[in-house]
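Chain letters run A, B, ... following the sequence lines, proteins first, then strands; residues in each count from 1. Given the structure is predicted, the values throughout are model-derived calculations rather than measurements. All heavy atoms count here, side chains included; hydrogens, waters and symmetry mates do not.
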There are 2 protein chains.
Amino acid sequence: MKEDRVEQLTARLKDEGGRITSSRRAILRALVDSDGHPTAEQLTAEVKATHPALHESTVYRFLDELERLDVVDHVHLGHGPGVYHFTDDVHNHLVCDLCGSVTEIPSSVIEGLQQKLINEFGFEMEPRHFAVSGCCRDCAKKPTT
Amino acid sequence: MKEDRVEQLTARLKDEGGRITSSRRAILRALVDSDGHPTAEQLTAEVKATHPALHESTVYRFLDELERLDVVDHVHLGHGPGVYHFTDDVHNHLVCDLCGSVTEIPSSVIEGLQQKLINEFGFEMEPRHFAVSGCCRDCAKKPTT
DNA sequence: ATCTTTGCAAACTTTTTGCACCAAT
DNA sequence: ATTGGTGCAAAAAGTTTGCAAAGAT
């Protein structure tokens, strides 16, 4: 349940010494409700509908806090703003350079590479902060416009 | 020879209808000389030493032009400014989230993933615009500071 | 002479910060 | 009553743009 999710997270926040404000609850709601990869701006807009005074800086600050608690993570999908998602939603992103479409892929797809990087370079790839850019199936079909 | 490289590129530019100015030649020199991944800012600083009037916007515009000609490419290694490199210098980057170090890896390392993405998702990964973030060998050793 | 390219200043986008006020504990 | 969170405005940081002057062809 999405309600539960919000409650669970506010409890977590309280545990860590954080305070629960209506802004925060509303931002969490928006984050839980958005089944996608919202930007800070989109979250702000969403919450402003019911909470007009909310400022973008509050959203950024709260998202930072949530990142510190390892609850959310942000990814750069391309040149635009970063997008946020829950850390337990583990997957990776294929971003099309041409049309900007985002395809989620299960992390199993990249496990091979992950292992190789550890073996050969001692590098622990962070699969969450990782977007693969390229050209999606649809754009590959189209003649170069 | 690096001189040759600059000549070859100016010739290429001329072919495409571009004009060769002293700024452009100097930017190309700086790009050829830098054996790394210079940012637009670093290139500007470099060239300004001998060409003080140069403006950052000129560098950006010229780099855009070079990208259009598929001579250079830019990569986002992390949160900072983009870095530029010649497209024929094909390699990939491992960027450490903690210390920011950049490890170049041969593209052979990622060929497996590349093939998998084509087979499973019809997605043509663009290996040049692709940085893998994570934790490098050295930082993995250190206790979390 | 023409048409690019340049330098400049100013806008723009995304994110961060300083500060006084407000609100949760 | 504390202390942390908020709104605001302003500053960063990186990049782009409009424009008139300068320069390459």
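- A/His37 pairs with exactly one of A/His91, A/His76, A/His74 by the ring pair (Phe, Tyr, Trp, His ring centres under 6.0 Å) rule, that one being A/His91.
- Comparing B/Glu41 and A/Gly18 along DNA chain D, the residue whose closest nucleotide (by nearest heavy atom) sits nearer the 5' end is A/Gly18.
- Per the geometry, CG belonging to A/Asp15 stands 13 Å off P belonging to C/dT25, to the nearest Å.
- Rounded to an integer number of Å, the gap from CZ of B/Arg68 to C1' of C/dT4 is 12 Å.
- Among the nucleotides C/dT17, C/dT25, C/dT15, the one closest to any side-chain atom of A/Ile20 is C/dT25.
- Contacts of A/Ser57 with the nucleic acid, taken as non-hydrogen atoms under 4.0 Å apart, include base atoms.
- Within the 4.5 Å cutoff, no side-chain heavy atoms of A/Ser23 are placed close to those of A/Val47.
- B/Leu54 has its CG atom 15 Å from the C1' atom of D/dA22, to the nearest Å.
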A/His51 and A/Ser22: CA distance, side-chain angles, deciding distance, side-chain contact (heavy atoms from CB on, under 4.5 Å) verdict: CA-CA 9 Å; A/His51 203 288; A/Ser22 57; 3.1 Å; yes
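- Taking 4.0 angstrom as the limit, B/Arg24 places a side-chain polar atom (N or O) nearer than this to OP1 or OP2 of C/dT6.
- Within a 6.0 Å sphere centred on NZ of B/Lys116, other residues, nucleotides and ligands contribute more than 12 heavy atoms.
- In this structure, B/Leu63 atom CG and C/dT6 atom C1' are separated by 15 Å, rounded to whole Å.
- Contact annotation: B/Thr21 side-chain N/O to C/dT5 OP1/OP2 distance is not under 4.0 Å.
- Between D/dA9, D/dG23, D/dG4, one nucleotide has an atom nearer to the side chain of A/Arg19 than all others, and that is D/dG4.
- Nucleic acid contact class of B/His51 (heavy atoms, under 4.0 Å, all strands): sugar-phosphate only.
- Nearest-nucleotide assignment on DNA chain D puts the 5′-proximal partner with A/His55, out of A/His55 and B/Glu56.
- If you measure from atom CG of A/Asp64 to atom P of C/dT14, you get 17 Å, rounded to the nearest angstrom.
- In summary, A/Glu16 and A/Arg12 engage in a salt bridge, as defined by a charged side-chain N under 4.0 Å from a carboxylate O.
- Residue contacts for A/Gly17: at a heavy-atom cut-off of 4.0 Å it reaches no nucleic acid atom on any strand shown.
- Of the two residues near DNA chain C, A/Ala40 and B/Leu13, the one whose nearest nucleotide lies more 5' is B/Leu13.
- Note: NE2 (A/His79) to C1' (C/dT15) measures 17 Å, nearest angstrom.
- When rounded to the nearest whole Å, the span between CD of A/Gln42 and C1' of C/dT13 equals 15 Å.
- Taking 4.0 angstrom as the limit, B/Thr58 places none of its side-chain polar atoms (N or O) nearer than this to OP1 or OP2 of C/dT5.
- The phosphate of D/dT16 has neither OP1 nor OP2 within less than 4.0 Å of any side-chain N or O from B/Tyr60.
- For the pair A/Lys14 NZ and D/dG4 P, the interatomic distance rounds to 16 Å; values are reported in whole Å.
- Nearest-nucleotide mapping onto DNA chain C: of B/Ala53 and A/Ser22, the residue sitting toward the 5' end is B/Ala53.
- When distances run from any side-chain atom of A/Arg61 to the nucleotides C/dG18, D/dG5, C/dA9, the shortest one goes to C/dG18.
- No more than 12 heavy-atom neighbours from other residues, nucleotides or ligands sit within 6.0 angstrom of CD on A/Glu46.
- The side chain of B/Ser23 lies closest to C/dT6, out of C/dT6, D/dG7, D/dG4.
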